[in-house]
Amino acid sequence: MASLIPCPHCGQRPKEEFTIKGEALARPAADASQEIWFDYVYLRDDPRGAYMEYWHHTSGCRRWLVVSRDTATHEIEGVRDAAAHKEAAE
């Protein structure tokens with residue numbers, strides 16, 4: 001049976017409708033150093049446990065989402081619109 005992702009716009013949808021785009025990192029300031037930008041673009045952690053990732057609902061509402069999931073169990077702990085995630089970080 002397919003895993004279901006609770007899209008805040010479309011409801012429960014099969015995971016095959018989504019594309020995982022990577023860790024939901026805070027974007028550095030435009031005037032940040034080259035080292036900070038290098039780390040942001042190229043370096044990623046590979047944690048075991050709770051992790052927040054950007055997912056794109058490619059075959060659905062086409063919205064960017066932030067999915068909180070456990071990398072060991074793949075259990076989804078929460079999903080929210082990426083725009084709301086950005087506003088909460090500011």
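Put simply, CZ on R44 and CD on E53 are 11.0 Å apart, with the number rounded to the nearest 0.5 Å. Interatomic distance, C7 SG to E17 CD, rounded to the nearest 0.5 Å: 8.5 Å. S68 contributes atom OG, which lies 6.5 Å from atom CD of E77 (distance to the nearest 0.5 angstrom).
At a threshold of 4.5 Å between non-hydrogen side-chain atoms, the residues H57 and R13 count as touching.
Applying the side chain to side chain contact (heavy atoms under 4.5 Å, CB included) rule to E35 yields the partners S33, D39; only residues at least two apart in sequence or on another chain are considered. In terms of the side chain to side chain contact (heavy atoms under 4.5 Å, CB included) criterion, residue partners of T58 (sequence neighbours excluded) are, by chain and number, T19, H56, R62.
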Next item on the list: Take R69 and H74 through the test side chain to side chain contact (heavy atoms under 4.5 Å, CB included) and record every step on the way to the result.
Entry: CA-CA 6 Å; R69 71 177 183 99; H74 301 289; 2.9 Å; yes
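When every heavy atom of L4 is checked against every heavy atom of P6, the shortest pair comes out as O-CD, 4.0 Å. Heavy atoms only, all atoms of each residue included: Y54 and E23 are closest at CD1-O, 3.7 Å. A pairwise comparison of heavy atoms in V66 and A24 identifies CG1-CB, 4.1 Å as the closest pair.
The cluster map of Ile, Leu, Val, Met, Phe, Trp and Tyr, joined by side-chain heavy atoms under 4.5 Å apart, puts L25 and V41 in the same cluster.
Listed by chain and number, the hydrophobic cluster partners of I76 are I5, F18, I20, W55, L65, V67, V79, where partners are ILVMFWY side chains within reach of under 4.5 Å, directly or through others.
D81 places a side-chain N or O within donor-acceptor distance of the main-chain N or O of A83, the cut-off being under 3.5 Å.
Ring geometry, F38 versus Y42: the interplanar angle falls from 30° to 60°, so the pair is classed tilted.
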